[in-house]
Each structure stands twice: as structure tokens, then as C-alpha cells.
Amino acid sequence: MEPVFADFDLYLSAFWLTIQLFFWSALASLAFGTLLGALRVGPVAVMRRTAGTYVTVVRNTPLLIVFIFIFVVAPSLQWFVGTPFLVKGVIALSLYTSAFVCESVRSGINAVPLGQAEAARAIGMTFGDSMRHVILPQSFRAVVPPLASVLIALLKNTSVAAAFGLLEATARMRGFTNANADVRPEIFLLFALGYIVLVEILSAGAWTLERRWKVASR
Amino acid sequence: MTSILFDAPGPKTRGRHRLYTLATVVMLLALAGLLVARLVEFDQFAYAKWEPFLTPSYIEAILVDGLLETLKMASLAIVFAVVFGLVFGVGKMSEHRWLRWPSWLIVEFFRAVPVLLLMIFIYFAYGVGDGFGSFWAVVFALTLYNGSVLAEVFRAGVNAVPPGQAEAAYAIGMRKTQVMTIVLLPQAVKIMLPALISQLVVALKDTSLGAYVVAPGLTFVGGSIQDEFRESRLQTWTVVAVIYIGVNLLLTALATWLQHRLVGEKSPLDTTAIPGMQSTNTGGGAGGGIV
């Protein structure tokens, strides 16, 4: 433990980078994923199929390969050449996570009782109206638990950035264990603890939202 | 596709939808055109750059040293993870506190820690030198992570068995262990089998992380080819990605087929609500297939 506490500012700055990666990717993938989810349940067949294809392809690609496409392949087409590493990491994480956000949003819409959509249509609401006033507000509640798991997965997935020169927590742990072979388990536990604290904060937040938004009946 | 979310469109709406369709198609074509123009500009269609992937010895390397090793690691990890998940999943449901608590702690710990962090630690602490090497470091890391996820899946599966089953078993005089092993678990496994296959997709994708600790597998082979042919970066990773996607689609199809075969059209086990579980069920989690 001694070596980590001697360089504790490095530990903290590593987790700060992890948090930054997480925050910006979460924002971007929530926006893009919700858009994809809306396209996937919309009435226009081409949009549905495009969003569906994106989700299928990205979901079945390992995250590391997505990173490789942004960090290694794109530069060979002169894309993302001078882009900062943090931005490239956020792009890779967001492209990947959006597919899972899309699926959560869709499952939330699926969880809204059938009668609600039928009633909205029966009183003459258009697709936009019924989505805005009836379906989406209810699906937001149902979507909290799956979305929380997607965000927790995203938080853990930031560790993949370690393989691409970003000195976030996982890369930093590797550095520490290289230099201090005799206390490896302790160093691992200390870094694991950092991730666990962040995960617990996320799940506590989700749990509070879930309780506050719980649908009264059913 | 009929949906409950919107009515059958009238003439005006149909016209509007045609407009949206046209706009989407134009946008997609523009994107594809942009990409192709770029590919042509940087001469990415050149035969020389694709040559390695038409050469038998390289194809063999990709399939044998790459795909086969990846599949081996993923299936070993899932087999061990099932054992791990059974032990700690049942442990978490135990009535004895001394069993429930440690099981809970272990499952929570390995679910919250990134699998790459775990992999790096296992490899550098126990894998290098006289250790068990990077192949097993990947397998063990994936076992611990997927096992703890499966522990939750097992719990959800046992809870998904109708309560009358356990009641009936107790009524004919079975003991607690018998109820679990003879009545609940066999039925739970049937419900869970699709979720298990889906978890295989997750494990398969995560084996690619092994490249970071120089474990064999598709990503590692891709890296070697890329080192040899610096100009074929795009081609290499496109081929690797296509193989990953193809195999995972096959596994997903298998999971869907099993779902229909074993569980029927009933809603699949809701695994999306389990933290860390990235369900690849095509039904899409909660109440799948309504809309």
C-alpha cells in the first residue's frame, strides 16, 4: 500500500480521468441512444431498419475492436488524426454504449401497458402526441433499472481506454503493479475499491430514482 | 410490421412517411458515398492490401490461432462460470447467514470490478514467469466476472419457477435440498439456457481484451497481421470485426431458437434488469416483443 499512498495524487488523477471518460460518454450515448431508440419504434421502415442494423452490428462487436477502429483504422483514412485521446475515447465508448442505451429505451417502451397506447390513439392522439404525453413519461420509469446497468457497464468499460494510451485507473494500476511487484494484491484491491465506490454511487442514484418514480398500480 | 403505437396511416401520412424514407435513403447514400470516396482516395481497395486475407496460410492462422483460441477461451470461461454461478447463486439464496454473506460479497465484488482490471491483475500477479500464462489468466478473469453475473441469472431463474412447484414439492415431504436440486434447478436451467448462450456472446467479446495481456485469440492475431502489413490496418480489423459479428450472430440465433424451443413465446427471463448483464436477447428484455 505504501507506494500508492506515496503517489496518491496519481491514484486520484487516474480516477478523475475515468470519471471524465464516463461522464462525457454517458451524456453522448444517452442522447444518441435515445434517438436510435425512437427511430427503432417509429413508423418509418427505413429508419427502423437503419437503427436496427446499427444496434445489431455494434452490439456484436467487441468494445476493443470499436476502439481500434477509432484509434487505428480511422487515422489511415485521415480521420481523427489530431483529435485528443480523451475525445477519441469518448467517441469509441459512446458509439458502443448507444446501442445498449437504444435497447434499454426500447424495452422501456415495451413495458408500457398496451391499453395506455390504445387509449391514447382512441382519443385521437397522433404518434408524436401519444409518445410525448403518454408513452415516454411512463417508459422513463420502467427504463431506470436497465439503463442503470448500461451506465454501470459503461463505467467499467472505460477501463478499455487503458490499452490506448489513456492514463485512467486501469492503466495506472498496471503502472503501479509493474513498479511494486511485492504488494500487487493490495494495489489491485485499492483500485478495485475505487471502481466499486463509483459503481455503488451510480446504483444508489438509480435506486432512489426507481423508488421515487415507481408506478403506483400494477 | 403492425404496431400499437400508431394507427394504419392515411393517404396524407403515407405521403409524409415517403418523404422521410426518401430523406433517410439520401442521407445514408451520402454517408456511404463519402466513405467510399475516402476509401478510393487512400487506395484501400488495392489488391495488395487485401492479399493476406486471400492467402491460405493467413486464413488458417486467423481461423486456427485466432477464432479457435477465442472460442476455446470463451467456452472454458462459461463452463467454469456456470459452476461458479451455481455455487454462489445458490449460496446467496441460502437461509444460513454464514453462507449467504460471503456469497453476496464475492458476487458483488467481481461484478463491480472491470474485467480488464481483473485480467491485468491475475496475469501480472499469477500468470507471468512460472505462472499459468495469459490464456488461463483470460479464462480465470472471465470466469470470475461472468460467474458472478450468472449467479444473479441463476437466482432470477429459480425465482421465475412458479411458486406452486416448490410448495407442491414440500407438500409431498421433500427436504429443502431436494426441492432445490430436484424441482427448482432443473426447471430454472431450462428458463435460463437462452440467457446462458447470450452470456457466451459477452464472454466471447471480452476475450478480445486478452490481447492486452498477450493472450492468443482473434484480436491478437489481428495485431500480428497488422504489424506485418502496416498498410493493411483497415482491412485487417474489418475482417476481424466481421468474424466476431458473424460468430456472435450465430450464437444469438441459437439462443433465440432455444428460447422458442424450451420456453415458448412467453416473455423471456428479464436479464436486462441485472446489473452488468448485457442481454443480447433479440426479444429485447422486459416484456419483449409487445410493440
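Heavy-atom basis, side chains included; hydrogens, waters and symmetry copies ignored. Treat the numbers as computed from the prediction; the structure is a model and nothing was measured.
The only option from B:Ile245, B:Leu204, B:Val247 that meets the side chain to side chain contact (heavy atoms under 4.5 Å, CB included) definition with A:Asn60 turns out to be B:Ile245.
Using a 4.5 Å cut-off between heavy atoms, B:Gln226 touches chain A through its side chain atoms alone. Residue B:Val240 touches chain A through its side chain alone, counting heavy-atom pairs closer than 4.5 Å. Residue contact with chain B, scored on non-hydrogen atoms closer than 4.5 Å, involves the side chain of A:Ser130 exclusively. Looking at B:Glu41, there are no atoms closer than 4.5 Å to chain A (heavy atoms on both sides), in backbone or side chain. For A:Ala192, the parts lying under 4.5 angstrom from a heavy atom of chain B are both the backbone and the side chain. Interface residue A:Val57: backbone and side-chain heavy atoms are both found under 4.5 Å from chain B. For a residue to count as touching a neighbouring chain, one of its non-hydrogen atoms must lie under 4.5 Å from one of that chain's; by this rule A:Pro75 does not touch chain B. Proximity to chain A is absent for every atom of B:Thr13, based on heavy atoms less than 4.5 angstrom apart. With a threshold of 4.5 angstrom between heavy atoms, A:Gln78 approaches chain B through its backbone and through its side chain. With a 4.5 angstrom heavy-atom cutoff, A:Ser104 does not touch chain B via any of its atoms.
The aromatic rings of B:Phe121 and A:Phe188 sit parallel, their planes meeting at an angle under 30°, below the 60° perpendicular limit.
Of the possible polar contacts, none joining the A:Lys156 side chain to the B:Leu116 backbone as a donor-acceptor pair under 3.5 Å is found. Side-chain atoms of B:Arg38 come within 3.5 Å of backbone atoms of A:Leu77 as a donor-acceptor pair (strictly under, hydrogens ignored). No side-chain donor-acceptor contact under 3.5 Å links B:Arg233 to the backbone of A:Ser76.
Here A:Ile65 is the residue among A:Val199, A:Val55, A:Ile65 with the most heavy-atom pairs under 4.5 Å with chain B. Here B:Leu117 is the residue among B:Thr24, B:Asn248, B:Thr21, B:Leu117 with the most heavy-atom pairs under 4.5 Å with chain A. When each of A:Ala171, A:Ala148, A:Ala162, A:Ala120 is scored by its heavy-atom pairs under 4.5 Å with chain B, the top score falls to A:Ala162. If you tally non-hydrogen atom pairs under 4.5 Å between each of B:Leu118, B:Val25, B:Val115 and chain A, the highest count goes to B:Leu118.
Between the CH2 atom in B:Trp237 and the CD1 atom in A:Ile68 there is a gap of 3.5 Å [rounded to 0.5 Å]. Atom CG of B:Leu218 and atom CG of A:Leu64 lie 12.0 Å apart (nearest 0.5 Å). One distance of note links CH2 of A:Trp79 with CZ of B:Phe42; it measures 9.0 Å at 0.5 Å rounding. Here the CG atom belonging to A:Leu63 is positioned 8.0 Å from the NZ atom belonging to B:Lys205, to the nearest 0.5 angstrom.
Crowding of B:Asp130 atom CG: a count of heavy atoms from other residues, nucleotides or ligands under 6.0 Å not exceeding 12. Other residues, nucleotides and ligands place no more than 12 heavy atoms under 6.0 Å from the CZ atom of A:Arg211.
Counting all heavy atoms, side chain and backbone alike, B:Tyr20 lies closest to A:Met47 at CB-CE, 4.0 Å. Pairing each heavy atom of B:Ala112 with each of A:Ile196, the nearest pair is CB-CG1, 3.7 Å.
Remark: A:Arg174 qualifies as a cation-pi partner of B:Tyr212 under the 6.0 Å distance and 45° angle criteria applied to the six-membered ring.
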